[in-house]
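The figures that follow rest on heavy atoms only: side chains count, while hydrogens, waters and symmetry mates do not.
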Amino acid sequence: MNTFNWLQLEQMGASAGLLLVALGTLMYVLHVLLPKPWLRLTATIIMGLAAVSLMASVAARSIQAEFFALSNMYEALLICTIGLLVAFVVIERWFSVPNLGWAVGFLALIMLFYGGSLPTDITPLQAALRSYWRAIHVPPLLLSYGFFTVAFFSSVGFLVVDTKQQGALSRAMLRESLLPADGIGAVGGTGGGEVSAYNADQSNSGGLLDRSFTGYGAVYDEVTYRAIAAGFPLLMIGVILGALWANEAWGNYWSWDPKESMSLVTLLGYGVYLHMRLNGEHSPRTLAWVSVIGFLLVLMTFVGVNMWGFGSLHSYGAIET
Amino acid sequence: MPLPNMSSPLPSTSSLWPVANLKLPERLMVVLQPVLGTFRSVQLAVVLLALLAAATIAGVVLPQEGNVDVAQIQKQFGPNYAFMKQLGMFGVFSSFWFITLEVLFFFNLLIGSFKWLKPAWLAATQVAYVPAAVMALKPAAHSLRVKAGADVQAALAQAQAVFKRHGYHVHVNTADGQLYATKGQWSRLGPCAAHLGILICLLAGVYGSFTGFKAIHMVAPGGQFQIPSSAMFATNTPQPWWFGQIPTWTIAVRDFRMEHYENHPDVVKNYYSGLDIVDGQGHLLKRQTISVNHPLSYDHISIYQASFAPSGRFKVTVDGQPRLLELNQAFNQRSISVNRLSDGRTLIMFPFFANQDPGVTQDHAVFFVLKKGEGDLPQGTMPETLKLLPGASGTLKGTHITYVEPEMQTGLQIKRAPEVPWMYLSFVIISIGTVMCFFSQRQVWLTLAPVDGDPSAGHAVMLHPKTNKARLSFRREMLAIEAALVARLTSANPSERSG
């Protein structure tokens, strides 16, 4: 006899998740104003708890539905928010990325509020989607979207910092052109022999400039790369599992379904980024722009295809109001 | 303009075209070298990936023939339709230019992978010592602010312990005073593995198109069929180059049923076909009930539950006797079922479907009964009728009728795909390769150089760190390693700390 109130757990999990994300975001905003390490650590822990709370909500919903709850846009947004929070917490603990927490927090809040405004009824699945494959095909994809979102914010951070540095450098060069020659050495210093030595190596092998390899810019650049490098295999595995499922269920690995095609485009887009990065002939600024374009492809894949009515087998993301 | 001196001997052809002096294989290489150089460049890979992405977006955004009715596309694009069709914009994924891009991508992968395989393999497997003199010339080499003692072996042992604590594989050459530390070396093979996997996947697809087949067949319960019917073949109809095998056994459909959700009776939860595989002598080879996501596999062939559709027959009971009514006549351009019952009565059924007939909101059937001697269906006047929804019963002119349901036929997809094991292998390799790509190889060369050329005066420690990715993490790690090295070597040799 099933007496447990799963609906209540689902609602509590979603509400608690929303409140925790709001609290975490607030703490990250406070951290910008008052940069104390404990504030940042607490905010990250709260974001992690929010992800756990949302996971509990999805689990309770799945138990009620008797299938993995991913049949409409509300559920897709809920799970995508979990992916974003998990990816963010991993990256945050790894790199302590400046000014990323509040941006991720605000996006997670928007996703949760928007998801909450959509119909939340559990809708029956069409026969083709009733398979264990769905539970293993979709999570890697949504987690990869989380990493790509973190990469996007990091790229934007890089572009902002780089633009400021470029401006400062131009002003400094203009100032020096008016100074005696012995004043030039003070410009663009990297601060320390060790760093200079490493930078010499990096610029030889990777084409990075000293200017961009120090301070926040370097952190953003590396976080962008690491987040994409983490998201790319997840996206690849998700797409491959989808192809295997399609073959298992319908005898076709690939049918150029719009959602499939856009997943491929996203994969190709980030493939471009990784090849450009390894090639070492492109500036971090160019790479940051490619990352931004990659995120636009993610958006098009996740919501655009369904929003513009291209969906077919992947119509779980259809937005019904 | 002065004329050329005609008395001077003309230059030989070979001096004008140096290639003419070369042997055939060398000539071939001279010609192929630029082509190979272009094909193995990462720049070309970037361009091809970007073009494939753009082309795929075009295939998503533009309506594609096969998915959308041609007349609708013509209406949407009007006078531009013919030109855009000529460009293959309404069949992007089978257009000549998309296939050309795929072929170029294939060769870029193939040639590029060979280019990177050897260096990656060497980087992953070789212990690369660098002589101290060479190290000193390297721009990134720099000395620690510490001086090791005269005992080279002891200093290297200390350094080895530090690198091992950071997870490095360490190789020591005491004779030359060198240490080579590396980790994540196998990640260098990740891109090659991923490329190899994609190549296997593409080749497996080609192999499948030469040897596999895919057929689609609609069949009503009780029916049976053999595969060798050209009308059944789907997209990859066997071409002259096809050399696969088609089975001789027969597929019989015992029954077909649909399951609906309890709370949403209008939504199909799953559908099931009871299948028998029977040989030419009628022996049962295999029996299985298939459903969506659960195909039958026999003799390297899979039979999938693909779809369902009305068979054109209707299950009814007449005075308690089950009957299967077929659409056998036309009436006012409408298919109807006219059936003679045993006692001379005639049962006539008009089926109506919500998704076919304008103004009809529910599937139902309208029945007429003509008693013996009442003749044919009257024209112009509406006789006494009985309208029944599926599952409903009623009595008309003393005849008790139950309209059970329209009979459904099952849509089966039959597929032979010999490439499947290769596909799975390629997917495993691609997955492993892309995961390997996430990690980076880190290499550190440490050399002890005698201070002022005198080994007894101690050794200066020189480091040359190198990585192909994740530079910031590596930099942080190297700062920690340097601090540990300074602490270790200083504690081992406290009097030798340099300023």
Worksheet item: Checking B:A306 against chain A: side chain, backbone, both or neither under 4.5 Å from a heavy atom?
Response: neither

Practice prompt. Below 4.5 Å from any heavy atom of chain B, which atoms of A:I228 appear? Answer side chain, backbone, both or neither.
Written response: neither

Worksheet item: Any side-chain heavy atom of B:F474 sitting closer than 4.5 Å to one from A:E222?
Response: no

Practice prompt. Please test B:L472 against A:V219 for side chain to side chain contact (heavy atoms under 4.5 Å, CB included), starting from the C-alpha separation and ending with a verdict.
Written response: CA-CA 7 Å; B:L472 191 66; A:V219 178; 3.8 Å; yes

Worksheet item: Please walk me through it: do B:V60 and A:K259 pass side chain to side chain contact (heavy atoms under 4.5 Å, CB included)?
Response: CA-CA 8 Å; B:V60 171; A:K259 198 85 166 182; over 6 Å; no

Item to complete: Against chain B, label A:M236 side chain, backbone, both or neither, depending on which of its atoms sit under 4.5 Å from a heavy atom there.
Response: side chain

Practice prompt. Could you list the residues that satisfy ring-ring contact (aromatic ring centres under 6.0 Å, His included) with A:W94, not counting sequence neighbours?
Written response: B:F438

Fill in: Side chain proximity check, A:W256 to B:V92, heavy atoms < 4.5 angstrom
no

Discussion item. Would you say that A:P124 contacts B:K269 through its side chain, given a criterion of any heavy-atom pair below 4.5 Å between the two side chains?
Written reply: no

Worksheet item: Which atoms of B:V47 come close to chain A, meaning under 4.5 Å heavy atom to heavy atom: side chain ones, backbone ones, both, or neither?
Response: neither

Worksheet item: Among all residues two or more places apart in sequence or in another chain, which pass the salt bridge (Lys or Arg N to Asp or Glu O under 4.0 Å) test with A:R285?
Response: A:D162

Practice prompt. Look up atom CG in B:N270 and atom CD in A:Q126, then write down how far apart they are to the nearest 0.5 Å.
Written response: 11.0 Å

Worksheet item: Do B:Y271 side-chain atoms and A:A127 backbone N/O form a donor-acceptor pair below 3.5 Å?
Response: no

Item to complete: Indicate the atoms forming the closest heavy-atom contact of A:V265 with B:A53, along with that distance.
Response: CG2-O, 3.6 Å

Worksheet item: Can you say whether the rings of B:F427 and A:Y253 are parallel (under 30°), tilted (30 to 60°) or perpendicular (over 60°)?
Response: perpendicular

Worksheet item: Hey, which of A:S261, A:S263, A:P258 is the one that makes side chain to side chain contact (heavy atoms under 4.5 Å, CB included) with B:T56?
Response: A:S261

Worksheet item: How many angstroms lie between CZ in A:R130 and NE2 in B:H294, if you round to the nearest 0.5 Å?
Response: 10.0 Å

Worksheet item: So which part of A:Y132 gets closer than 4.5 Å to some heavy atom of chain B, the side chain, the backbone, both or neither?
Response: neither

Worksheet, complete the sentence: Honestly, the part of B:S302 sitting under 4.5 Å from a heavy atom of chain A is neither

Worksheet entry | Interchain contact, B:S473 with chain A, by part (heavy-atom threshold 4.5 Å) | both

Worksheet entry | Atom pair CG (B:L52) and CG (A:L264), whose distance is rounded to the nearest 0.5 Å | 7.5 Å

Worksheet item: Does the side chain of A:M300 reach to within under 4.5 Å of the side chain of B:I57, using non-hydrogen atoms?
Response: yes

Item to complete: Please state whether the side chain, the backbone, both or neither of B:V46 comes within less than 4.5 Å of a heavy atom of chain A.
Response: both

Worksheet item: Side-chain contact, heavy-atom cut-off 4.5 Å: A:I240 with B:I430?
Response: yes

Response to the item:
OG (B:S431) and CG (A:L241) are apart, to the nearest 0.5 Å, by 7.0 Å

Item to complete: Locate the shortest heavy-atom distance separating A:L125 from B:Y261; write the atom from each residue and the value.
Response: O-OH, 2.6 Å

Discussion item. Walk me through whether B:K415 and A:N247 qualify under side chain to side chain contact (heavy atoms under 4.5 Å, CB included).
Written reply: CA-CA 10 Å; B:K415 190 181 177 192; A:N247 183 59; 3.2 Å; yes

Worksheet item: Roughly how far, to the nearest 0.5 Å, is CZ of A:F232 from OG1 of B:T434?
Response: 7.0 Å

Discussion item. Quick check: do A:I237 and B:V435 have side-chain heavy atoms less than 4.5 Å from each other?
Written reply: yes

Fill in: B:L49 and A:Y273: CA distance, side-chain angles, deciding distance, side chain to side chain contact (heavy atoms under 4.5 Å, CB included) verdict
CA-CA 10 Å; B:L49 286 169; A:Y273 175 92; over 6 Å; no

